[in-house]
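The sequence lines fix the lettering, A, B, ..., with proteins before strands; numbering per chain opens at 1. As a basis for the values below, the full set of heavy atoms in this structure was taken, side chains included, without hydrogen atoms, waters or symmetry mates.
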Amino acid sequence: MLDPQLLRNDLDAVTRNLARRGYQLDKQAFADLEQQRKALQVTTQELQAKRNRLSRAIGQAKANGEDIEPLLAEVSRLGEQLKQAESELHELQGRMNDLAMGIPNLLADDVPDGRDEDDNVEVTRWGEPRTFDFEPKDHVDLGENAGLDFATAARITGSRFVVMSGDLARLHRALAQFMLDLHTGEHGYTEMNVPFLVNDDSLRGTGNLPKFGEDLFRLEGDFGYSLIPTAEVPVTNIVRESILDADDLPLKMVAHTPCFRSEAGSYGRDTRGMIRQHQFEKVELVQIVQPEHSLAAHETLTGHAETVLQKLGLPYRKVILCAGDTGFSSRKTYDLEVWLPGQNAYREISSCSNFGDFQARRMKARWRHPDRKKPELVHTLNGSGLALGRTLVAVMENYQNADGSIDVPAVLQPYMGGKAIINSAT
RNA sequence: GGAGAGGUGGCUGAGUGGUCGAAAGCACCGGUCUUGAAAACCGGCGACGGUUUACCCCGUCCCAGGGUUCGAAUCCCUGCCUCUCCGCCA
């Protein structure tokens, strides 16, 4: 949510910034609502003040044994009027809140202009895509008889699921272990294990609701819960409705969770293989920081995700998302795109965002500045470190041999019982 | 699933219809004292919103949402959560 003061006092600047995303804020409608709100709130509060005064007078008169009938008569006339004003105000505030909850975050100044992913700007590139002396396969072909089974998953559940088995299942697990150990051991994150089902307040807090409900899997029945689309939701909401001390910050948390996405609206995209699944796993980095540190934290957090790729020896590039491609809640986002020989392209494997105070305001997540009295909003950030399914794909495709076997990257071998190669015919 | 108890400020915890936004303690902040610190003493100390240059003032908030009443932390209803006992269960 944006700062309501900013919406009132600098509506033009807000509108201009949002327009960069292609979001059109109806300035006039908002200004009209705001004017109504102001008038209605003032009269309502005046009525309330009068009611309170008279009620106190009744209490005193009663205590003194005086006649309270005249006072009762006066206050009874207020009742209907007040009830009316209160419910109108309530309704109006609800409408304004709904409107505010649907407005995306303001973009950081250095976010480049652009409409969609084609306008994202490359920042850096790491590693050289390997040149093969044979025609490299993609992970689907490589996994065909080696432990990636899409047909069985389709029978068990449906499309966009996979069954992994044997060494590939273990490699997938090894990746998770490796990433968790790296982030906890070298990057200073605390490992968290969190619920995979969340309530609507949490989803509103991170910005998945009210606008993106169709992307979620929602439970039927009495529980109004949804499957998490990312660990960002439960982990960030750890600080919802709390006031943190300055020395609690920064909070750096890492969690390995499954992620569930309906992928509504992406029918026909990436239908082959493991790139876009309804269920995948991810190691997620989340930071809760003091506002003045979020810019720097965004860079280091992205660096932590990059370190995973570097240690795995996977070529990648880092891009900054353009205005039109930056997510609803984000001020600024870097994507890491890993090289996939099977697609002959760089594909997203991590997304690292700075949300500023946008999520914090929705969550009422605050901290106390040691020199200032009032609680202030924290800043939140997160990034994939990394998406496991896609990392498995990247390892398979980048480390494949002509005979279809796959070398195990050195850093993963300890997690594979020392195995240096899998899917070997011999 | 059954029975019972309870959810009050950063924390503990009093408060069962009328100046209660709420006693007290802890924590925290300022001051006195001290070479310094501690202790002691004095004072301050909730959040959000409206109005305002500011002070003031006003409103809302005692889990959430409804209701009763001139007036609700206090009474009623619904939901959520916590604890205890029993049952069941990985």
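Of the P atoms belonging to G6(B) and G59(B), the separation is 32 Å, rounded to the nearest Å. Between C42(B) and C33(B), the two P atoms lie 16 Å apart (nearest whole Å). Comparing U78(B) with G43(B), their P atoms are spaced 48 Å from each other, to the whole Å. Going from the C1' atom of C41(B) to that of A54(B) covers 34 Å, rounded to whole Å. Look at the P atom in both A27(B) and U82(B): the space between them is 30 Å, to the nearest Å. Taking atom P on both nucleotides, A23(B) is separated from G46(B) by 10 Å, rounded to a whole Å. If you take atom P in G30(B) and the same atom in C11(B), they sit 22 Å apart, rounded to whole Å.
Under the ring-ring contact (aromatic ring centres under 6.0 Å, His included) criterion, Phe328(A) pairs with Phe212(A), Phe358(A), not counting sequence neighbours. Listed by chain and number, the residues in a side-chain hydrogen bond (donor to acceptor under 3.5 Å, both in side chains) with Asp12(A) are Lys27(A) (sequence neighbours excluded). With sequence neighbours left out, His298(A) forms a ring-ring contact (aromatic ring centres under 6.0 Å, His included) with Tyr334(A). Taking the ring-ring contact (aromatic ring centres under 6.0 Å, His included) definition, one finds that His293(A) meets it with nothing, sequence neighbours left out. Listed by chain and number, the residues in a salt bridge (charged side-chain N to carboxylate O under 4.0 Å, His left out) with Asp149(A) amount to none (sequence neighbours excluded). Residues that satisfy the side-chain hydrogen bond (donor to acceptor under 3.5 Å, both in side chains) test with Thr333(A), not counting sequence neighbours, are Ser330(A), Ser353(A). Here Gln24(A) pairs with nothing under the side-chain contact (heavy atoms from CB on, under 4.5 Å) rule; sequence neighbours left out. Applying the salt bridge (charged side-chain N to carboxylate O under 4.0 Å, His left out) rule to Asp270(A) yields the partners Arg276(A), Arg347(A); only residues at least two apart in sequence or on another chain are considered.
Atom CD in Glu241(A) sits about 15 Å away from atom C1' in G10(B), given to the nearest Å. In this structure, the CG atom of Leu71(A) is 13 Å from the C1' atom of G18(B), given to the nearest Å. Atom NZ of Lys50(A) and atom P of G71(B) are 15 Å apart (whole Å). Across the protein-nucleic acid pair, Arg53(A) atom CZ and C58(B) atom C1' stand 10 Å apart, rounded to whole Å. Per the geometry, CD belonging to Glu86(A) stands 8 Å off P belonging to U60(B), to the nearest Å.
Within the structure, every pair that satisfies the ring pair (Phe, Tyr, Trp, His ring centres under 6.0 Å) test and touches residues 258-292 of chain A, not counting sequence neighbours, is listed here: Phe161(A)-His278(A), Phe217(A)-His278(A).
Of the listed nucleotides (U60(B), G10(B), U19(B)), G10(B) has the atom at the smallest distance from the side chain of Ile243(A).
Across all strands shown, Glu46(A) has no heavy atoms under 4.0 Å from either base or sugar-phosphate atoms. Counting non-hydrogen atoms under 4.0 angstrom, Asn52(A) reaches the backbone sugars and phosphates but no base.
In this structure A22(B) sits in no base pair that meets the Watson-Crick or G-U test at under 3.5 Å. If you check A27(B) for Watson-Crick or wobble pairing at under 3.5 angstrom, you find it has no partner at all. Across the strands present, A47(B) finds its partner in U60(B); the criterion is a Watson-Crick or G-U wobble pair with both atom distances under 3.5 angstrom. Figure legend. A39(B) is base-paired to no nucleotide; pairs are counted as Watson-Crick or G-U wobble with both atom distances under 3.5 Å. Partner assigned to A14(B) is none, using Watson-Crick or G-U wobble distances below 3.5 angstrom. Nucleotide U84(B) has A3(B) as its partner under the Watson-Crick or G-U criteria, with both atom distances under 3.5 Å. The partner of U69(B), taking Watson-Crick or G-U wobble pairs whose two distances both stay under 3.5 Å, does not exist in any strand shown.
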Collect all protein-nucleotide pairs involving nucleotides 63-70 of chain B in which both atoms are nitrogen or oxygen and the distance is under 3.5 Å.
residue, atom, partner, partner atom, Å
C70(B), O2', Ser55(A), OG, 3.0

Just the table, please: protein N/O against nucleotides 48-53 of chain B N/O, every pair under 3.5 Å.
residue, atom, partner, partner atom, Å
G49(B), O2', Gln41(A), NE2, 3.0
G49(B), N2, Gln45(A), OE1, 3.4
G50(B), OP1, Arg8(A), NH1, 2.0
G50(B), OP1, Arg8(A), NH2, 3.1
G50(B), OP2, Gln5(A), NE2, 3.4
G50(B), O4', Gln41(A), NE2, 3.3
U51(B), OP1, Lys38(A), NZ, 3.4

Can you pull every protein N or O that's under 3.5 Å from an N or O on nucleotides 79-83 of chain B?
none

- [ ] Given side-chain hydrogen bond (donor to acceptor under 3.5 Å, both in side chains), test Ser405(A) with Asn423(A) step by step and report yes or no.
- [x] CA-CA 5 Å; Ser405(A) 64; Asn423(A) 194 23; over 6 Å; no
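The closest side-chain donor-acceptor pair between Glu232(A) and Gln359(A) falls under 3.5 angstrom. Looking at His369(A) and Glu376(A), their side chains never bring a donor and an acceptor atom within 3.5 Å of each other.
Considering CG of Leu381(A) and NZ of Lys332(A), their distance stands at 11.0 Å, rounded to 0.5 Å.
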